[in-house]
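Quick notes on the structure that follows.
In what follows, residues are counted from 1 in the order of the sequence shown. As the structure is a prediction and not an experimental result, all values here were calculated from the model.
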Amino acid sequence: QEELNVICEEANRKGHITSAHTHGAKGIKMAIQAGITSIEHGTMMDEEGLALMLEHGTYLVPTLIAGYHIMIHGEEAGIPPFVIEKCADVVQTHTKSFKTAYDAGVKIAFGTDTGTPFSLHGAQAEEFELMVRHGMKPVDALLSATKVASELLHLEHQIGSIESGKFADIIAVDKNPLEDITTLKNVTFVMKDGE
C-alpha cells in the first residue's frame, strides 16, 4: 500500500494521471485508497470498492470486450477449454460489477484493451454494444468515449465535445446510435483536426 501511495502522490504532484489494471477486489481497493485516477477492468469489485470509487471520484474503464472475445473466440484459437470456462465465469462477474457501478453513478470511461487477443484495432465499437447490452443507456455509452474520457485524461479543454477552439475530431454514421448503438461499427465519415 505504501508503494502505491507514493506512486500516486508523485504522479499527482507532477500533474499526471494514474491507472491500475486490476481485477481482484483487494487490488481495486488498494489502488483507490492510494489515489489512483482510474481502474481498468474492475472485474471483481465489491461493495466496499464501489463505495471507495464514489468517495474518491475514481473512474472505471471496464473494457468488457476483452474477456468477452476470449470467451467467444477462444476455442477456434486453440485456447484450452478450462480457460474458456473460467473466462465465461469472469465475464458474468464483470458484467454484473459493471452494471452495479453504472447504476451507482461511478464515472465510466470507454476503453477496449485493444491489442489483446481478438480485440483488434478498428473493431473497438463492439464495446459500445456490450456496455448497452449490460445496462448502460446509449447516450451514456457515447459520453463515456467522449466527454467522460476527455475528463479522465484531463484533456476536456481540447477534446470530448464539439466546441470552438477544440480539436475537430468527429465521426458520422448513417443511423442514430441512440436508437441502434451497433451503427457505430459502420462509420461513414471521419474528420481529424478539422480535415
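- At a threshold of 4.5 Å between side-chain heavy atoms, the hydrophobic network of Ile, Leu, Val, Met, Phe, Trp and Tyr places Met45 and Val106 in one connected group.
- Ile181 and Ile170 fall into different hydrophobic clusters, where Ile, Leu, Val, Met, Phe, Trp and Tyr are joined by side-chain heavy atoms under 4.5 Å apart, directly or via other members.
- Looking only at side-chain heavy atoms (C-beta outward), Leu152 and Val61 come within less than 4.5 Å of each other.
- Cluster partners of Val90, using a side-chain heavy-atom cutoff of under 4.5 Å among ILVMFWY residues and allowing indirect links: none.
- For the ring-ring contact (aromatic ring centres under 6.0 Å, His included) condition, no pair includes a residue of residues 165-195, sequence neighbours left out.
- Side-chain contact between Ile108 and Val148 is absent, with no heavy atoms from C-beta onward closer than 4.5 Å.
- If you chain together hydrophobic residues whose side chains sit under 4.5 Å apart, Met30 and Ile32 never meet in one group.
- Applying the ring-ring contact (aromatic ring centres under 6.0 Å, His included) definition to pairs two or more places apart or across chains, those involving residues 8-53 are His21-His23, His21-His41, His23-His41.
- Listed for the Asp140 side chain is no donor-acceptor partner under 3.5 Å among the backbone atoms of Met136.
- Nearest heavy-atom pair across Ser144 and Met131 is OG-CE, 3.5 Å.
- Side-chain N or O atoms of His134 include none that pairs as donor or acceptor with a backbone N or O of Leu64 at under 3.5 Å.
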List the steps and the verdict of side chain to side chain donor-acceptor pair (under 3.5 Å) for Asp174 and Thr188. CA-CA 7 Å; Asp174 291 337; Thr188 55; 3.3 Å; yes
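- Clustering ILVMFWY residues whenever any of their side-chain heavy atoms sit less than 4.5 angstrom apart, transitively, puts Ile79 in a cluster other than the one holding Leu120.
- Residue pairs meeting the side chain to side chain donor-acceptor pair (under 3.5 Å) criterion with at least one partner in residues 50-62, sequence neighbours excluded, are absent.
- Residues Ile162 and Ile159 fall into different hydrophobic clusters, defined by Ile, Leu, Val, Met, Phe, Trp and Tyr side chains chained together at heavy-atom separations under 4.5 Å.
- Residues meeting the side chain to side chain contact (heavy atoms under 4.5 Å, CB included) test with Glu126, sequence neighbours left out: Ile65, Tyr68, His69, Glu129, Lys185.
- The side chain to side chain donor-acceptor pair (under 3.5 Å) test with Asn5 singles out one residue from Glu2, Gln1, Glu9, and that residue is Gln1.
- Ile171 places a side-chain heavy atom less than 4.5 Å from the side chain of Leu184.
- Under the 4.0 Å criterion applied to side-chain N and carboxylate O atoms, Lys147 and Glu151 are assigned as salt-bridge partners.
- For Glu195 and Lys192, the salt-bridge test fails: no basic side-chain N is under 4.0 Å from an acidic carboxylate O.
- What you find for Ala104 and Leu54 is that their closest heavy atoms are O-CD2, 3.7 Å.
- Contact of the Glu3 side chain with the Val6 side chain is not registered, since no non-hydrogen atoms from C-beta on lie closer than 4.5 Å.
- The structure places CZ of Arg133 at 10.5 Å from OG1 of Thr182, a figure rounded to the nearest 0.5 Å.
- Looking only at distances, a side-chain donor or acceptor of Thr18 sits under 3.5 Å from a matching main-chain atom of Thr37.
- Heavy-atom contacts from other residues, nucleotides or ligands closer than 6.0 Å to CD of Glu76 number more than 12.
- Across every non-hydrogen atom of Thr183 and Asn176, the tightest pair is CG2-C, 4.2 Å.
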Could you go through the side chain to side chain contact (heavy atoms under 4.5 Å, CB included) check for Lys175 and Val173 one step at a time? CA-CA 6 Å; Lys175 297 179 185 174; Val173 290; 5.7 Å; no
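- Nearest heavy atom pair, residue Cys8 against residue Gly35, reads SG-C, 3.8 Å.
- Of all heavy-atom pairs spanning Pro62 and His94, the tightest one is O-CE1, 2.8 Å.
- At distances below 3.5 Å, not a single donor-acceptor pair connects side-chain atoms of Glu40 with backbone N or O atoms of Thr22.
- For an aromatic pair to be called close, the ring centres must be under 6.0 Å apart, and Phe118 with His73 satisfies this.
- Taking CD1 of Ile72 as the reference point, atom CD1 of Ile84 lies at 10.0 Å (rounded to 0.5 Å).
- Side chain of Asp169 to backbone of Asp193: a donor-acceptor contact under 3.5 angstrom is found.
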Met53/Ile39 under side chain to side chain contact (heavy atoms under 4.5 Å, CB included): CA gap, chis, key distance, verdict: CA-CA 9 Å; Met53 287 194 91; Ile39 297 291; 4.1 Å; yes
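- Looking at residues two or more places apart in sequence or on another chain, you find a ring-ring contact (aromatic ring centres under 6.0 Å, His included) between Phe110 and Phe128.
- Within a 6.0 Å radius of NZ in Lys166, more than 12 heavy atoms belonging to other residues, nucleotides or ligands are found.
- A pairwise comparison of heavy atoms in Asp46 and Ala25 identifies OD2-CB, 3.7 Å as the closest pair.
- For CD of Gln158, the number of neighbouring non-hydrogen atoms (other residues, nucleotides, ligands) closer than 6.0 Å is greater than 12.
- Rounding to the nearest 0.5 angstrom, the gap separating the OG atom in Ser97 from the CG atom in Leu50 is 9.5 Å.
- Note that CD of Glu127 and OG1 of Thr114 are 9.0 Å apart. Values are rounded to the nearest 0.5 Å.
- Atom CD of Glu10 has more than 12 neighbouring heavy atoms from other residues, nucleotides or ligands inside a 6.0 Å radius.
- At least one donor-acceptor pair under 3.5 Å links the side chain of Thr146 to the backbone N or O of Leu142.
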